[in-house]
Amino acid sequence: MLQVNFIKANREEVLKGLKKKNFLETSLIDNIIALDDERKKLQFELDERQSKINTFSKEIGQLMAKGEIRLAEEKKMEVASLKGLLQPVSEQLNVVEKSLHDDLIKLPNLPHTSVPEGKTPEENEIVREGGEKPALPKGALAHWDLAKKYDLINFEIGNKVTGAGFPFYKGKGAKLQRALIHYFLDFNTEAGYTEYEPPFMVNEASAYGTGQLPDKEGQMYHATADNLFLIPTAEVPLTNIYRDEILKEDELPVKMTAYTPCFRREAGSYGKDVRGLNRVHQFDKVELVQLVHPDKSYEVLEEMLLHVEKLLQSLNLPYRILRLCGGDMSFTSALTYDFEVYSAAQEKWLEVSSVSNFEAFQTNRMKIRFKADGKTQLVHSLNGSSLALPRIVAALLENNQAEDGILLPQILHSYFGGGKI
RNA sequence: GGAGACUUGUCCGAGUGGUUGAAGGAGCACGCCUGGAAAGUGUGUAUACCUGCAAGGGUAUCAAGGGUUCGAAUCCCUUAGUCUCCGCCA
């Protein structure tokens, strides 16, 4: 959520940013400014009237104490009429505050200056590439065929037991999941991230805090009996740990990592993009979250980028890094880098990580602040995947397939208990 | 799931209708004292919003929300959480 004062002080800049982000409902801005002015006026009026009532009430107390009942009764009458004036102002203020808030949460975050113009994924900017695309033998198989051949993942049983998009991992397939999760977590904790195992369901306030609600409500699984949401990413529980907290400056940066399954309804997805592991409803992911001093967030973003890049390099996967264009970025992000790995048998790039700086957009909603020199201000939040497993698994299987098996990268051998599937 | 007790500031804790945003203590910060430290001592120490150039002033907040009242931390209702006992259970 953008800060009203910022919008007021930087109207032109905000409008430019929204345009870059391909957000067209720009009339909201002037609406918000007008509503905030209205809010201030009403607040002032309300405070004044309340103040008068408070003064009178105190006087009544003193009169009662002195036994001057009649005077006290007269005052009571006066206060009663003042209260009549209070209520309409208070109601109006509530209405204005609600409209203001409703408008504010419709505004996406503003893009960083380095975000390229553009509306579609094709306009994302390739920052750099790394690794080598393998030359696969003739008749190389896609991961869904490899999964079947080596009995690693069973999609059909998943369909039967739960539904489409809920695969079973089996045998070495299951063990590979465990090995990857274990390795990723170790890699992150060695870099100073604190490991968490959070709940896999969150309440409404948390889903709202990180921005899943209200605009992505249909994308989450909702356990209505208890009004809990299955997390679409560990970012939600992790970031919400600090909701409504004021940190000390020396507690920053807060670096957290967690493995969780992620649940996504993916309503509206279809076709070949959803084949195999390309898009599933439940998948495993290890996530990184940082809460940092606002002056440091872009420095930290680059640091996280390098961190994820090193992780991918250690897996020997061909990858590329994209800087997302304004129109392809998420609602909450100010700057996002996507990592894609090359899936050699499918001959396409698969997104495996998204590293973003949200600046104060999330923390303004969640009121995550820090105090320095007596002043309280919002921290910046960042997150990134390290990594999402299914597409990593797809690429590992496809890119490393050989005549007699799949050869895993060296780094996984100790975690997997062997080098070959 | 049933019965009961409870939820106050960074922490402990007082407070059952009237200058209580909240006693007292601890912690923390700054100063004094000291060769230095400890002890002692003085001062300060919540958040949000409104107003003001500022100093300051005002409003709200004692789990959350609502209600009663001229006035609520204190009374009533709803919700959440904590603890104890019982039940159930990986």
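Every chain is numbered from 1 and lettered A, B, ... according to where its sequence line falls, protein lines coming before strand lines.
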Q) Which whole number of Å gives the distance between the P atom of rC6(B) and that of rU19(B)? A) 24 Å

Q: Starting at atom NE2 of His101(A), determine the distance to atom P of rA48(B), rounded to an integer number of angstrom.
A: 16 Å

Q. Does Lys172(A) use its side chain to pair, donor to acceptor, with the backbone of Leu152(A) at less than 3.5 Å?
A. no

Q. Thinking salt bridges, do Lys41(A) and Glu45(A) make one under a 4.0 Å N-O criterion?
A. no

Q) Which is true for Arg369(A) with a 4.0 Å heavy-atom rule: it touches a base, it touches only sugar-phosphate, or it touches nothing? A) sugar-phosphate

Q | Between C1' of rA48(B) and CD of Gln377(A), the distance in whole Å | A | 16 Å

Q. If we take the P atom in both rU8(B) and rA14(B), what is their distance in whole Å?
A. 11 Å

Q) Within the structure shown, what part of the strands sits under 4.0 Å from Met77(A) by heavy-atom distance: base, sugar-phosphate, or nothing? A) nothing

Q | Nearest-Å distance once atom C1' is located in both rA5(B) and rA60(B) | A | 31 Å

Q.
Of the listed nucleotides (rC70(B), rU47(B), rG58(B)), which one gets closest to any side-chain atom of Val79(A)?
A. rC70(B)

Q.
Rounded to whole Å, how long is the line connecting atom NZ of Lys58(A) with atom C1' of rG18(B)?
A. 10 Å

Q. Over how many whole Å does the gap from Met64(A) atom CE to rG18(B) atom P extend?
A. 11 Å

Q | Any Asn54(A) side-chain N or O less than 4.0 Å from OP1/OP2 of rG58(B) | A | no

Q: Give a yes/no on whether any side-chain N or O of Arg39(A) is located under 4.0 angstrom from OP1 or OP2 of rC49(B).
A: no

Q. Out of rC70(B), rA46(B), rU59(B), which nucleotide sits closest to the side chain of Lys371(A)?
A. rA46(B)

Q) Quick one: Ile53(A) CD1 to rA72(B) C1', roughly how many Å, whole number? A) 15 Å

Q) Between the side chains of Ser51(A) and Asn54(A), is a donor N or O closer than 3.5 angstrom to an acceptor N or O? A) no

Q. When the distance from CG of Asp37(A) to C1' of rC49(B) is rounded to whole Å, what number comes out?
A. 15 Å

Q. Looking at Glu251(A), Met256(A), Arg369(A), which one forms a side-chain contact (heavy atoms from CB on, under 4.5 Å) with Tyr242(A)?
A. Met256(A)

Q) When rounded to the nearest Å, what value does the distance between C1' atoms of rG42(B) and rU61(B) take? A) 31 Å

Q.
Taking only the P atom of each, what is the distance from rG9(B) to rG4(B) in whole angstrom?
A. 27 Å

Q: Report the C-alpha distance between Lys16(A) and Glu13(A) in whole Å, list the side-chain angles of each, state the deciding distance to 0.1 Å, and finish with yes or no for salt bridge (Lys or Arg N to Asp or Glu O under 4.0 Å).
A: CA-CA 5 Å; Lys16(A) 250 173 66 185; Glu13(A) 200 188 323; over 6 Å; no

Q. Expressed in whole Å, how much space separates the C1' atoms belonging to rC30(B) and rA54(B)?
A. 24 Å

Q.
Assuming nearest nucleotide by heavy-atom distance, tell me which of Thr55(A) and Lys76(A) is located more 5' along RNA chain B.
A. Thr55(A)

Q. For Lys8(A), does the NZ atom sit with more than 12 other heavy atoms under 6.0 Å from it, leaving out its own atoms?
A. yes

Q. Using the P atom in both, what is the distance from rC11(B) to rG18(B), to the nearest Å?
A. 27 Å

Q: Stems involving RNA chain B: give each as a range paired with a range, ordered by first number, where a stem means at least three consecutive Watson-Crick or G-U wobble pairs under 3.5 Å.
A: B:1-7 with B:80-86, B:10-12 with B:24-26, B:27-32 with B:40-45, B:46-51 with B:56-61, B:63-67 with B:75-79

Q | Polar side-chain atom of Lys170(A) near backbone of Asp151(A) as donor-acceptor pair, under 3.5 Å | A | no

**Q.** Lys/Arg N to Asp/Glu carboxylate O, Asp145(A) vs Lys148(A), below 4.0 Å
**A.** no

Q. So which nucleotide from rC50(B), rG58(B), rC70(B) ends up closest to the side chain of Ile60(A)?
A. rC70(B)

Q: Please work out if Phe44(A) contacts a base, only the sugar-phosphate, or nothing of the nucleic acid, heavy-atom cut-off 4.0 Å.
A: sugar-phosphate

Q: May I ask you to say what Lys40(A) touches in the nucleic acid, namely base, sugar-phosphate or nothing, with a heavy-atom cut-off under 4.0 Å?
A: sugar-phosphate

Q) With sugar-phosphate meaning primed atoms plus P, OP1 and OP2, does Leu82(A) contact a base, only sugar-phosphate, or nothing at under 4.0 Å between heavy atoms? A) nothing

Q.
Tell me the interatomic distance from Lys52(A), atom NZ, to rC50(B), atom P, rounded to whole angstroms.
A. 21 Å

Q | Spacing of Phe56(A) atom CZ relative to rU59(B) atom P, expressed in whole Å | A | 13 Å

Q: Select base, sugar-phosphate, or nothing to describe what Lys248(A) touches, counting heavy atoms under 4.0 Å on all strands.
A: nothing

Q | Donor-acceptor contact below 3.5 Å, side chain Asn188(A) vs main chain Phe184(A) | A | yes

Q.
In whole Å, measure the gap between the P atoms of rA63(B) and rU7(B) for me.
A. 8 Å

**Q.** Phosphate OP1/OP2 of rU51(B) contacted by Gln43(A) side-chain N/O (<4.0 Å)
**A.** no

Q) Would you say the side chains of Thr233(A) and Lys285(A) form a donor-acceptor pair under 3.5 Å? A) yes

Q) OP1 or OP2 of rG18(B) sitting under 4.0 Å from any side-chain N/O of Ser57(A)? A) no

(Q) If you assign Gly61(A) and Asp47(A) each to the RNA chain B nucleotide with the nearest heavy atom, which residue ends up on the more 5' nucleotide? (A) Gly61(A)

